[in-house]
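Every chain is numbered from 1, with letters handed out A, B, ... down the list of sequences.
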Amino acid sequence: MFLSLRTEVEDALHGALGTLDLPTDDLGIEEPPEDVDAVLASSVAYRLAGEVGAPPPKVAADVAAEIDPDDYDYLGDVTTQGPYVNFLPSERYFAGTLEAGQDEEFGRLEDTGDSVVVEHTSANPTGPVHVGRARNPIIGDAIARILDFAGNDVETNYYVNDAGRQIAVFTWAYETFDEADLPEPERDSPEYDLVRYYRKGNAYLENADAEDVEEAEAEIQAILQGLEEGDDDVYDRVSEVVDTVLDGMVGTLGRLPAEFDEFVKETRFMRDGSTDDLVDRLQDLDEAVYEEDAWQLDFADIEKNLVFLREDDTSLYTTRDLAHHEWKFDTFDRAVTVLGEDHKLQADQLEAALDLLGNDTSQLRQVFYSWVNLPEGGMSTRKGTGVDLDDLLDEAIARAREEVESRLDSRLRDDDLDEDDVERIAEQVGVGAVRYDIVSKQPTKGITFEWERALDFEAQSAPYVQYVHARACGILDEAGEDATSNLDADLLDAPAERDLLRTIARFPAVVEEAADELQPHLVATYTREFAETFNTFYRECPVLTADDEHRREARLALVAAARNTVGNALGILGVAAPESM
RNA sequence: GGGCGUGUGGCCUAGUGGAUAGGGCGAGGGGUUCCUAACCCCUCGACCGCGGGUUCGAAUCCCGCCACGCCCGCCA
């Protein structure tokens, strides 16, 4: 409804300004502050005051006078408040919202017909997923969900770096060291098992005698060489390590939950010849130069050259990533990548190179986030510093369980929760809190990890919003099946009811904006506002004990719309929506 | 040194040109014979990093400076 009303307001303003013979290039449409009784407003009068030669309030009044609300469905009234033109909703706006909200899929936008690949996480398969990188799957998964809800055909990809030096070191270490010399694994899972070899290998390369290191380096180089030449035997050896570790990491990511439709391996673009073809095309570019024994791209706008081929004709990571992205462009309509801020320069070079190669880079959007650091510094898989995501999730669930149990005694509601419920709620709340904490902030803001903060269940956190969903479900559950037959929005005339309807009405617009801007935190902000509005309604408007039957039914319909809205909003964020808690 | 990003009450955060800067944590006070108190209400607390500029209007745009983070490998 909000989107329709916005279109109507645009039409109305456009028409009014046209009639008054004023410019229509900037309509100044905005959302008014909370205490203003309008859904949309325009500050256009400020801008036109000089042109008209009249004070802004006069201009606003003239503009408002040109608009007849009767010409529109959802526009109920046009008023002015000083220099602002305010647009109030009609009864049909509320009725339409109440009706649209009954759909369990409320908020889902029309199909765009676009296929979009969302690449996220793509962490090197070298060991357990740690919290430093946890922002990537959480933001990436939320973006994928938003794009899906906004009507796109979404596929999630994890790009697997299985061709680099770190992987060669890992393979060498795995084949060289003896399990007996390693510490006990921290967990009974393959990535915790294998990372011990990786750490041992790296320590060896740092500390062993020069002669021994040289010998090890030769073996590592042989592995890299084998990969470059497409040696099947080497590929199989590397794959064993990569696939095993990746399998474990995927298990952890699945707890968030973050899932992937496809794992795209870097070696794929070496083995199918596309990297070689790409190198040929790069060499033909005017910007390609051979300097300091390597082929480089000399960009006009980027100071740093991109080396794409070594003296010995071997390719580099970014060269393969170029082939990877051309594959994306061939396969999908649009591509979104979620990357750590440390990849910014490389991402700019990638985009510039793709552009030089004749690709339409407007198909590509790259979203950056900054690392989660510890108070004492960054986290590293190689060094083994940092907090494992598994540990964070376990701790979150354990603390959530304590909360659930401590609340059992003081519960007003006598709906005996059994052990399965406690387990379920602890999981939903614990994991949800971690996810919500990350997804609700702007990705570019730095985060320093602190246990107390990450595991705070109070107020602006997942459980606050989840609780609203549970409350709504509780009411509907109590009321039974056929409760939502009466959609008479006229009966919902209390301020709290109107506010709730207005908030519900905005949801599709929030989805649209979050999808356009690839900003999941907009949805999180919305859920918070939604929860506040719902809680006011909950306090002031009894549903099951409403004073007459019609009002009760209308309120039940409103609660159903609220449940669908908040449930879908949480769904977009990848946070569970509990039916009871 | 250069590039990119961030800077909002003691702490965390929303708001990126328009109506008294919105929340939360914290501190203090209040609310449950009534659909879940993981809730609600009240009070306390902000020269929006600093200095200039543009504009009728700036947390938001421009310039300079400061602080912090990331990057500036023929690593990935």
Polar side-chain contact A:Q460-B:G23 base: donor and acceptor under 3.5 Å
yes

Would you state whether a donor and an acceptor, one from the side chain of A:D342 and one from the base of B:A76, lie under 3.5 Å apart?
no

Quick one, which residues of residues 119-131 of chain A touch RNA chain B with a heavy atom under 4.0 Å?
A:N124

Specify the residues of residues 396-405 of chain A, ordered by number, for which at least one heavy atom lies under 4.0 angstrom from an atom of RNA chain B.
A:V404

Can you tell me if [X] touches the phosphate of [N], counting only side-chain N or O atoms and a distance under 4.0 Å to OP1 or OP2?
X	N	answer
A:N535	B:C40	yes
A:K304	B:G73	yes
A:R528	B:C12	no

Using Watson-Crick or G-U wobble geometry with both distances below 3.5 Å, tell me the partner of [N], or none.
N	value
B:G1	B:C72
B:G57	none
B:G17	none

Nearest-Å distance, [atom1] ([X]) to [atom2] ([N])?
X	N	atom1	atom2	result
A:L500	B:C35	CG	P	19 Å
A:L345	B:G73	CG	P	8 Å
A:Y317	B:A76	OH	C1'	7 Å
A:Q349	B:C75	CD	P	14 Å
A:D26	B:U55	CG	P	18 Å
A:E31	B:A14	CD	C1'	14 Å
A:R471	B:C34	CZ	P	14 Å
A:K441	B:C12	NZ	C1'	6 Å

Taking the cut-offs as 6.0 angstrom to the six-membered ring centre and 45 degrees off its axis, would you call [X] and [Y] a cation-pi pair?
X	Y	answer
A:K344	A:F368	yes
A:R528	A:Y464	no
A:R271	A:Y235	yes

Polar contact flag, side-chain donor to acceptor under 3.5 angstrom, [X]-[Y]:
X	Y	value
A:E403	A:S406	no
A:T314	A:D312	yes
A:T275	A:R320	no

So with a 6.0 Å cut-off around CD of A:E549, is the heavy-atom count from everything else above 12?
yes

Should we say atom CD of A:E291 is surrounded by more than 12 heavy atoms from elsewhere, each under 6.0 Å from it?
yes

Quote, to the nearest angstrom, the [atom1] distance that separates [N] from [M].
N	M	atom1	value
B:C35	B:A46	C1'	39 Å
B:C71	B:A37	P	49 Å
B:C66	B:G51	C1'	11 Å
B:C47	B:G57	P	24 Å
B:A59	B:G9	C1'	14 Å
B:C12	B:U6	C1'	15 Å
B:U8	B:C50	P	10 Å
B:G7	B:A14	P	8 Å

Parallel, tilted or perpendicular: which describes the rings of A:W295 and A:Y290, with under 30° parallel and over 60° perpendicular?
perpendicular

Check the angle between the aromatic planes of A:Y526 and A:F530 and answer parallel, tilted or perpendicular using the 30° and 60° thresholds.
tilted

Touch class at under 4.0 angstrom, heavy-atom based, for [X] against every strand present:
X	result
A:T525	sugar-phosphate
A:A41	base
A:R165	sugar-phosphate
A:N86	base
A:H521	sugar-phosphate
A:D293	base
A:R320	sugar-phosphate
A:I425	base
A:E266	sugar-phosphate
A:Y464	sugar-phosphate
A:E532	sugar-phosphate
A:V429	base

Sorted by first residue and then second, give each side chain to side chain donor-acceptor pair (under 3.5 Å) pair with at least one member in residues 426-443 of chain A; sequence neighbours left out.
A:D141-A:R435, A:R424-A:Q428, A:Y436-A:T527, A:D437-A:K441

Listed pairs, N/O of protein and of nucleotides 4-10 of chain B, under 3.5 Å:
residue, atom, partner, partner atom, Å
B:G7, OP1, A:K445, NZ, 3.3

Distance flag, aromatic centroids of A:H120 and A:Y158, threshold under 6.0 Å:
no

By side-chain hydrogen bond (donor to acceptor under 3.5 Å, both in side chains) - contacts of A:H130 (at least two apart):
A:R133

List the residues meeting side-chain hydrogen bond (donor to acceptor under 3.5 Å, both in side chains) with A:E532, not counting sequence neighbours, and say none if there are none.
none

For RNA chain B, whose closest nucleotide is more 5', that of A:E30 or that of A:E34?
A:E30

Tell me which of A:Q296 and A:S42 sits closer to the 5' end of RNA chain B, going by the nucleotide each one is nearest to.
A:S42

Of the candidate nucleotides [options], which contains the atom at the shortest distance from the side chain of [X]?
X	options	value
A:Y46	B:C35, B:A76, B:C56	B:C56
A:R539	B:A76, B:A19, B:C40	B:C40
A:P32	B:C35, B:A19, B:C72	B:A19

Is the backbone of A:K383 close enough, under 3.5 Å, to the side chain of A:S380 for a donor and an acceptor to pair up by distance?
yes

Considering the options A:N161, A:D243, A:D162, which one meets the side chain to side chain donor-acceptor pair (under 3.5 Å) requirement together with A:K265?
A:D243

